[in-house]
Amino acid sequence: MKPFLTGKWKNLAMLNYLVEPSILTKHLPKGAEIDTWNGDCYISIVGFMFLGTRVKGLSMPFYRDFEEVNLRFYVRFKEHGIWKRGVVFVKEIVPKRLISSIANHLYGEHYYCYPMRNSFTDDGTSLEVKYEWLYKNEWNYLLIKAESNHSPLIEGSEQEFITEHFWGYTKLASGKTSEYHVEHPRWNIHKVVSHDFCCNTKELYGDGFHSYLQQKPGSVFLAEGSDVKVYPRKVWKF
């Protein structure tokens, strides 16, 4: 099967929070269940650059490179006795209205369009990544400072759990479940020195997530990223 979308995910800033699984129940697609690491349930705020985007092999002028910030949690789905590990996106923010419309229509996702901007610096020793999005005339942001050197993922680590989920699942209004496959190699990880997160979490994500997102994250890391392929979706009917 040929991918529907290709590109590169670069400089993935990840803030990971421990939550009670009960806050995720209403977002859980049918057939999926919460995936945990060492018994802990996570949500993540993830900011990254989507670069060199192509849809069915075609490059779209003005839509090749853009920021994305999303809130997601982790699930697993069993098919033919085999567990597939995936993510569910609660909300995805991008600066391109056409991108959000295509994703919402074709994949049933929860994309929203707000003005965004980003910055990146690397002096060879340390790097700084910042993603910003404008909501109600205020710039929200996710900022990470990290070491320029990176290391491979450690087998069985929390970083591996967060990054190695290769399926996307969406709860559709019809009661069905949308599934799509994402393919990418293992990512290298930069050691984070400091971070800052300023966001109107109550209005953007609701009361259920707000209290958790205002706490100190359980972990923060920066993934180098790689080329990615996103394949056409499948709809599960129960």
Side-chain angles (χ1 to χ4, degrees), residues 1-18 32-54 64-80 82-89 92 107 109 118 120 122 124-129 131 142 144-169 179-193 195 217-234:
M1 180 186 300
K2 292 184 178 180
F4 171 77
L5 185 148
T6 60
K8 182 187 291 289
W9 291 350
K10 189 69 175 174
N11 297 323
L12 295 97
M14 299 180 166
L15 276 58
N16 311 299
Y17 301 81
L18 299 177
E33 62 180 59
I34 301 296
D35 197 8
T36 61
W37 184 74
N38 288 347
D40 290 326
C41 177
Y42 286 82
I43 60 173
S44 298
I45 292 284
V46 180
F48 65 99
M49 290 300 301
F50 208 140
L51 305 174
T53 308
R54 289 180 176 270
R64 285 178 52 83
D65 303 332
F66 55 90
E67 305 90 347
E68 177 173 328
V69 171
N70 64 61
L71 172 63
R72 68 185 194 176
F73 65 94
Y74 304 90
V75 299
R76 60 180 190 168
F77 188 97
K78 184 178 282 188
E79 181 179 12
H80 304 309
I82 298 174
W83 286 108
K84 298 187 289 188
R85 301 172 72 184
V87 301
V88 174
F89 294 102
E92 298 167 89
Y107 284 83
E109 293 286 0
N118 76 91
F120 174 80
D122 184 356
T125 300
S126 61
L127 55 82
E128 180 178 297
V129 179
Y131 300 106
L142 167 56
I144 282 185
K145 296 181 180 180
E147 296 179 358
S148 295
N149 292 334
H150 52 67
S151 304
L153 282 173
I154 298 174
E155 194 77 27
S157 66
E158 180 192 39
Q159 290 92 341
E160 183 187 55
F161 171 80
I162 295 295
T163 60
E164 298 280 283
H165 281 72
F166 294 104
W167 298 86
Y169 292 97
E179 173 194 84
Y180 59 90
H181 180 51
V182 178
E183 183 180 290
H184 64 75
R186 289 170 69 87
W187 290 333
N188 292 319
I189 303 296
H190 297 271
K191 183 179 179 181
V192 171
V193 176
H195 79 279
S219 64
V220 180
F221 57 88
L222 180 68
E224 182 182 25
S226 68
D227 291 338
V228 297
K229 297 178 182 178
V230 180
Y231 289 88
R233 76 168 183 170
K234 172 181 180 179

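If you're wondering where the values come from, they're calculated on a predicted model, not measured in any experiment.
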Do Tyr74 and Thr36 have a side chain donor and acceptor closer than 3.5 Å?
no

Measure the shortest side-chain to side-chain distance between Leu15 and Leu142 over non-hydrogen atoms and say whether it is less than 4.5 angstrom.
yes

Are the charged groups of Arg85 and Glu164 less than 4.0 angstrom apart, N to O?
no

Closest non-hydrogen contact found for Ser226 with Pro185 is OG-CD, 3.4 Å

If you take all heavy atoms of Val46 and Arg72, which pair is closest and at what distance?
CG2-NE, 3.8 Å

For the residue pair Tyr169 and Phe77, does the interplanar ring angle fall in the parallel (under 30°), tilted (30 to 60°) or perpendicular (over 60°) class?
parallel

For a quick test of reading the model, state the closest non-hydrogen atom pair linking Ala146 to Leu222 and the distance between them.
CB-CD2, 4.1 Å

For Tyr180 and Glu109, test the side chains for any donor-to-acceptor distance below 3.5 angstrom and give the result as yes or no.
yes

Who pairs with Tyr131 by ring-ring contact (aromatic ring centres under 6.0 Å, His included), at least two apart in sequence or on another chain?
none

Closest approach of Ser148 to Ser126 (non-hydrogen atoms, all atoms of both residues)
OG-N, 3.1 Å

Does a side-chain heavy-atom distance below 4.5 Å link Lys145 with His190?
no

Tell me which one of Val87, Val75, Val182 satisfies side chain to side chain contact (heavy atoms under 4.5 Å, CB included) with His165.
Val87

If we only count heavy atoms from C-beta on, is the Ser151 to Ile189 side-chain gap below 4.5 Å?
no

So, taking the atom named CD in Gln159 and the one named CE in Met14, what distance separates them when rounded to the nearest 0.5 Å?
10.5 Å

Looking at residues at least two apart in the chain, or sitting in another chain, which of them share a salt bridge (charged side-chain N to carboxylate O under 4.0 Å, His left out) with Glu92?
none

Does any N or O in the side chain of Asn38 come within less than 3.5 Å of the main-chain N or O of Asp40, such that one atom is a donor and the other an acceptor?
no

Min side-chain heavy-atom separation Asn11-Phe120 under 4.5 Å:
yes

What orientation do Trp187 and His184 show, parallel under 30°, tilted 30 to 60°, or perpendicular over 60°?
parallel

Residues in salt bridge (charged side-chain N to carboxylate O under 4.0 Å, His left out) contact with Glu224, at least two apart in sequence or another chain
none

Here the pair of heavy atoms bringing His195 nearest to Ile144 is CB-CG1, 4.0 Å

Salt bridge (charged side-chain N to carboxylate O under 4.0 Å, His left out) evaluation trace for Lys234 with Glu79:
CA-CA 13 Å; Lys234 172 181 180 179; Glu79 181 179 12; 3.5 Å; yes

Evaluate Phe89 against Leu71 for side-chain contact (heavy atoms from CB on, under 4.5 Å), listing each step before the verdict.
CA-CA 6 Å; Phe89 294 102; Leu71 172 63; over 6 Å; no

Ring center gap for Phe73 and Tyr42 short of 6.0 angstrom:
no

Closer than 3.5 angstrom, by distance alone: can the side chain of His181 be matched with the main-chain N or O of Phe166 as a donor-acceptor pair?
yes

Mind checking whether Leu12 and Met49 have side chains closer than 4.5 Å, heavy atoms only?
no

Residue list, salt bridge (charged side-chain N to carboxylate O under 4.0 Å, His left out) with Arg76, at least two apart or on another chain
Glu33

A side-chain contact here means heavy atoms from C-beta on lying under 4.5 Å apart; do Leu5 and Tyr231 qualify?
no

I'd like to check Asn16 versus Ile162 (side-chain heavy atoms, cut-off strictly below 4.5 Å). Are they in contact?
yes

Measure the SG-OH distance between Cys41 and Tyr17 for me, rounded to the nearest 0.5 Å.
15.0 Å

Are the side chains of Glu67 and Phe50 in touch, meaning some heavy atoms are under 4.5 Å apart?
no

Applying salt bridge (charged side-chain N to carboxylate O under 4.0 Å, His left out), which residue pairs with at least one partner in residues 148-160 are found, sequence neighbours left out?
Glu160-Arg186

Hey, does the side chain of Asp65 reach the backbone of Gly52 with a donor-acceptor pair shorter than 3.5 angstrom?
yes

For Asp227, what residues pass the salt bridge (charged side-chain N to carboxylate O under 4.0 Å, His left out) criterion, not counting sequence neighbours?
Lys8

